[in-house]
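Below, read A as the first sequence line, B as the second, and so on, with proteins coming before strands; counting in each chain starts at 1.
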Amino acid sequence: MLRFIARRILIAIPTIIIVSVLVFTLQQLLPGDPVLTMAGEERDPEVLAFLREKYRLNDPVPIQYFAWIGQVLQGNLGISLRTDIPVLTLILGKLPVTLELAIFAMIIALAIGIPTGIVSAVKKGTSVDYAANVVALSGLSIPNFWLGILLIMLVSVRWQLLPASGFVPPSEDLWLNIKTMIMPAFVLGTGLAASLMRHTRSAMLGVLRSDYIRTARAKGLISRVVIMKHALRNALIPIITLSTLLFGELLAGAVLTEQIFTIPGFGKLVVDAVFNRDYAVVQGVVLCTAVGFIIMNLLADILYVLVNPRLRHAQ
Amino acid sequence: MTIAIADDLVLPRKRNRILSKFLGNRSAMMGAGLVLFFIVIAVLAPLIAPHDPIKPSFSTIRKAPSAIFWFGTDELGRDVFSRMVIGARASLMAGVVSVAIAVLLGVPFGLISGYFGGWIDATISRSTEAMLAIPFLIFAIALAAFLGPSLTNAMIAIGLSAMPIFVRLTRGQVLTIKAEDYVEGARAIGLPNFWIILRYILPNVLPPILVQATLTVATAIIAEASLSFLGLGQQPPNPSWGSMLNTAKNFMSQAPWMSFFPGSAIFLIVLGFNLFGDGLRDALDPREN
């Protein structure tokens, strides 16, 4: 098992290196002279020369990359041009908010997606299955920012049940924190719930067709035990790993959700940085998200082996 | 000779079976209908739009839907229906063009990676994994940010972000197909690699790519709407459904129609492509046949 984990980590290293090259290359896409973009209104040749020297823009591109990655490896993702705060500090400050939102959304998605997927597979071909599929496909097709707008119009503006926007840290007021998070988490979790439902249904259908389920039924076990104990346990194996992978998607989805509900998280940070032309922050966020995603991928692989006895013994 | 005749008889029959399976799938047909409906609207947009979609009219600001303005007017008095009809072009074009970019770049890389293997495959595969590690929307936002906000750059950003899906899919298909006897045979008689890929491998990888492309158009339309919603796609005053929603979010209580109609349009067109793609996948799946 340890050898498997070590091998997976070794495979992840070149991917992380290529990600870093990609993120660095983003800077090269800036049209025109990057120093002019960074300097804004400032056109003093001395300032421009200073910036060129500071960001090593006179050096060849590969040297610039190695200088940049050297700093990144020491935890220095650069300084925000707008706020003068280190990018890593900014990201670490916003991350807990987004993580809370993503965890809430994941709980909602699992609570909706898995039971619906099971019922849909067990009732395959019935109107229940058809309805569940229609709802799932609608969940996948609805843009989450529009769903957010609709919910704000109904739940906050018309019924005045929940706050339309804003964020209160749980340490300040836990109940208000939950109230502000319910709607954004639901909006973020909907697409994921639909995706989980479809995967659970397909995994359950595959398992329900297998020989050991037929044997369990032939033994005279009641249907509930066959489904919950024999089928679900095996069907859940790919779902667990999929949920880990989808967590990365949640971070991306949070960009729009945070924008609509004015939540000061990771996603809002990147959008604000884009409009402020704060490129170091954009690069930092992309790099952190990608590395986070690679780590989640690694965890998913390890989890897959851990929960699957056949693979565990094969290692 | 016998084989050729048998092929001639079997292939049209198989094609007919796929077609009849697709035509018999009600959801798929509904999806195809929705897609066709929006294509017709996009093509005939200038003829359908009853008002100028760009020129402000300060006497008709935020009017509710009526016989004159079917979907109401926006914060500058422009007809929402006309803007939506013209906006259909931006959405559909973004979906199709970005997927075309993704396919045209991704499929050749996937073919080369799967067919030649070795260090070429390792390099392309690791690069694909690296690109897939960056969540689709974050990558598209970052690219659009660095390239500059415009519909063209949004399409390039979405296309590049979607490309790795096609590299991986094509590579996987090639690995299966290149072990087939007819490819081995083609190699044995000394046909050049380029010809083998073009004549024997590409046609066999196309069906799953077609399905994926249809489903990716749906994702690309949502991505374009998301970028435009954030202000990184279509720029004012030109309309796109995403940018219309961006403005509409500031008038949620005063003018709910401004967000209801463009959002519904995005939902319906994405649903259409998803239903169409699902139907296509079921019809082309040999296990289902």
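Atom CG of A/Leu26 is separated from atom CG of B/Leu143 by 5.5 Å, given to the nearest 0.5 angstrom. One finds the CE atom of B/Met252 at 11.0 Å from the CG atom of A/Leu151 (value rounded to the nearest 0.5 Å). Atom CD1 in A/Ile18 sits 8.0 Å away from atom CD in B/Glu129 (nearest 0.5 Å).
Interface summary for chain B: among A/Gly292, A/Ser20, A/Ala290, the most heavy-atom pairs under 4.5 angstrom belong to A/Ala290. Listed options A/Ile294, A/Leu256, A/Val282 were ranked by heavy-atom pairs under 4.5 angstrom with chain B; first place goes to A/Leu256. Of the residues considered (A/Leu287, A/Asn297, A/Val286, A/Leu150), A/Val286 shows the highest number of contacts with chain B, using heavy-atom pairs under 4.5 Å.
Neither the backbone nor the side chain of B/Ala218 comes within less than 4.5 Å of any heavy atom of chain A. Within the 4.5 angstrom heavy-atom criterion, atoms from both the backbone and the side chain of A/Ile149 approach chain B. Only the side chain of A/Ile260 comes within contact range of chain B, judged by heavy atoms closer than 4.5 Å. For a residue to count as touching a neighbouring chain, one of its non-hydrogen atoms must lie under 4.5 Å from one of that chain's; by this rule B/Ser264 touches chain A with backbone and side chain alike. Contact annotation for B/Leu132: only backbone heavy atoms (N, CA, C, O) come within less than 4.5 Å of a heavy atom of chain A.
Between B/Leu230 and A/Phe145, every side-chain heavy-atom pair lies at or beyond the 4.5 Å cut-off.
Along residues 133-143 of chain A, the residues that come nearer than 4.5 angstrom to chain B, judged on non-hydrogen atoms, are A/Leu137, A/Ser138, A/Leu140, A/Ser141, A/Ile142, A/Pro143 in order of number.
Between B/Phe260 and A/Trp146, the ring-plane angle classifies as tilted under the 30° and 60° cut-offs.
For CZ of B/Phe38, the number of neighbouring non-hydrogen atoms (other residues, nucleotides, ligands) closer than 6.0 Å is greater than 12.
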